[in-house]
There are 2 protein chains.
Amino acid sequence: MTESSWGVKAILHESFAEIAKAAAHPHRLALMEHLAQGERNVDALATVTGLNLANASQHLQSMRRAGLLSARRDGKFTLYRLADDSVLDLLDAIGRIATSNAAAVKEVVSSYFNERDAMEPVTRRELRQRMKAGTVTVLDVRPAEEFALGHVPGAINVPVGDLKRRLADLPRSKEIVAYCRGPYCVFAFEAVAALRAAGYKARRLEDGLPHWRADGLPVAL
Amino acid sequence: MTESSWGVKAILHESFAEIAKAAAHPHRLALMEHLAQGERNVDALATVTGLNLANASQHLQSMRRAGLLSARRDGKFTLYRLADDSVLDLLDAIGRIATSNAAAVKEVVSSYFNERDAMEPVTRRELRQRMKAGTVTVLDVRPAEEFALGHVPGAINVPVGDLKRRLADLPRSKEIVAYCRGPYCVFAFEAVAALRAAGYKARRLEDGLPHWRADGLPVAL
DNA sequence: CCAACAATCAAGCGAACGATAGAATGATAG
DNA sequence: CTATCATTCTATCGTTCGCTTGATTGTTGG
């Protein structure tokens with residue numbers, strides 16, 4: 001009985017290691033960040049991450065084998081997506097360890113969080129209430145393709161690169177809440193900084209669309 | 001502004017990958033499982049995991065560099081421990097993905113969970129209440145050294161290998177709740193099975209001591 | 001100061017990984 | 001049925017990883 005547990009432990013640790021290994025590459029993390037926004041085909045993912053097609057395909061397959069992704073065929077496209085919301089938890093856990101224990105990350109984060117209180121994010125709960133009350137403008141600063149895969153209902157899509165030239169689209173009367181891909185997507189930080197510089201009252205939403213969706217909150221298409 | 005974010009993303013993904021990589025090895029996962037029980041020196045960890053000393057030392061150092069572990073010197077010993085409770089979250093997230101998406105793990109888990117309802121674990125909250133009411137015997141089936149590093153107050157320590165010959169130490173009147181190192185430590189499953197075979201009423205505690213401690217519940221020494 | 005022990009360091013080896021290019025497969029549209 | 005496009009497969013090459021061995025550093029106790 002206890003002899004058998006030797007092998008069991010080994011099997012579990014080996015399986016766990018395969019999952020961690022599948023997440024343990026910068027390119028694969030980038031791919032997952034994009035996949036968290038919604039289903040995408042290989043070519044689109046390769047383009048957006050700047051990877052060679054075959055290379056992207058191999059990374060995606062290795063993550064699929066490990067159980068991080070699932071794939072389905074649609075016509076001549078292979079559409080990949082995150083296997084599960086638990087994959088988001090994994091990414092969150094890694095991020096939390098990084099922000100508290102990795103020097104490089106602490107530095108980057110603090111350079112974006114320099115106005116500590118001011119950058120304090122709006123919670124999903126709070127945003128939901130203020131949306132109902134109509135006291136806030138929601139701004140989605142991701143690229144249009146990602147916006148198209150799902151966004152916070154009523155949000156305005158202005159990719160961060162277009163923000164300066166499209167300030168006129170945004171009402172000055174209400175506070176603006178900006179969001180993007182996730183807790184470590186810098187677009188929302190940059191957007192808030194730019195908006196404030198232009199005299200707007202702006203804050204960012206905690207995390208991004210993937211967490212909003214995983215929380216069971218409504219998503220518009 | 002948006003040009004700078006290219007590099008920022010790369011830095012973050014690289015740092016995140018280092019953390020995942022540090023967790024992505026069966027031996028390192030085994031080491032962390034033991035460290036979750038409390039501080040240990042290199043030699044003790046090498047022995048308990050069956051690793052060569054230098055090898056264990058190298059694995060521990062790589063995890064320390066990645067921010068998963070911290071170390072302190074005590075006399076001629078180097079005592080390692082988990083850097084943070086967030087490391088437990090990482091291990092949990094990996095485990096959750098494994099149980100839902102990895103074939104090998106699903107098989108192992110289902111073989112231990114074969115009596116689904118019967119194996120349903122006791123929650124920490126429930127155990128705490130029943131401890132106060134005195135309606136339960138708590139059984140710690142980990143090795144004595146780990147018990148010594150901290151255990152649920154009032155728990156009886158009977159390492160799983162000694163269980164059959166020490167059944168007399170356990171009262172038949174109350175239900176027994178067994179726990180060990182964590183959600184994937186098989187000792188508690190085996191103990192519950194053995195106890196039931198001997199006519200006891202027994203269940204296992206959800207997770208193990210590390211989660212009990214991380215939850216802020218009292219730990220005795 | 002020296003002997004004993006804990007841990008790390010340094011070098012070397014085989015195995016696994018990651019990227020690339022080119023061939024092969026699968027699916028659709030004419 | 002063929003041409004085309006999306007993706008995967010195969011082979012290759014350089015790099016990194018993991019383990020072992022033996023030497024080195026650091027700390028304690030006599």
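Throughout, protein chains are lettered first and strands after them, A, B, ... in sequence-line order, and every chain is numbered starting at 1.
The separation between R72(B) atom CZ and dA7(C) atom C1' is 16 Å, rounded to whole Å. Rounded to whole Å, atom C1' of dG30(C) lies 11 Å from atom NZ of K76(A). Put simply, CD on E39(B) is 16 Å from C1' on dA7(C), counting in whole angstrom units. As a whole-Å value, the separation of L53(B) CG from dG18(D) P is 18 Å. Note: CD (Q58(A)) to P (dT12(D)) measures 15 Å, nearest angstrom. Following rounding to the nearest Å, F77(A) (CZ) and dT4(D) (C1') show an atom-to-atom distance of 12 Å. The CG-P distance, from N52(B) to dC9(C), rounds to 15 Å in whole Å. Counting to the nearest Å, the C1' atom of dT8(C) and the CG atom of L69(B) are 16 Å from each other.
Closest to the T78(A) side chain, of the nucleotides dT8(D), dA19(C), dA7(C), is dT8(D). The nucleotide whose nearest atom lies closest to any side-chain atom of H59(A) is, among dC5(D), dA19(C), dT8(C), dA19(C).
Within 4.0 Å of L51(A), counting heavy atoms only, lies no atom of the nucleic acid at all. Using a 4.0 Å heavy-atom distance criterion, D43(B) is classed as a sugar-phosphate-only contact.
Ranked by how close their nearest DNA chain C nucleotide is to the 5' end, A54(A) and R28(A) are led by R28(A).
Residue Y80(B) places at least one side-chain N or O under 4.0 Å from the OP1 or OP2 atom of dT8(C). Proximity of Q61(A) to the phosphate of dC9(D): a side-chain N or O atom is located under 4.0 Å from OP1 or OP2. Proximity of S57(B) to the phosphate of dA7(C): no side-chain N or O atom is located under 4.0 Å from OP1 or OP2. Taking only side-chain nitrogens and oxygens, N55(B) comes nearer than 4.0 Å to OP1 or OP2 of dT20(D). OP1 or OP2 of dC17(D) sits under 4.0 Å from a side-chain N or O of K21(B). The side chain of H27(B) contributes an N or O atom lying less than 4.0 Å from OP1 or OP2 of dC19(D). Distances shown here put a side-chain N or O of H25(A) below 4.0 Å from the OP1 or OP2 atom of dA19(C).
If you check the side chains of R181(B) and Q37(B), you find no donor sitting under 3.5 Å from an acceptor.
Within a 6.0 Å radius of CZ in R96(B), more than 12 heavy atoms belonging to other residues, nucleotides or ligands are found.
Every residue two or more places apart in sequence or in another chain was checked for a salt bridge (charged side-chain N to carboxylate O under 4.0 Å, His left out) with D85(B), and none qualifies.
The aromatic ring centres of F187(B) and Y179(B) sit 6.0 Å or more apart.
Using cut-offs of 30° and 60° for the angle between ring planes, the H151(A) and F147(A) rings count as parallel.
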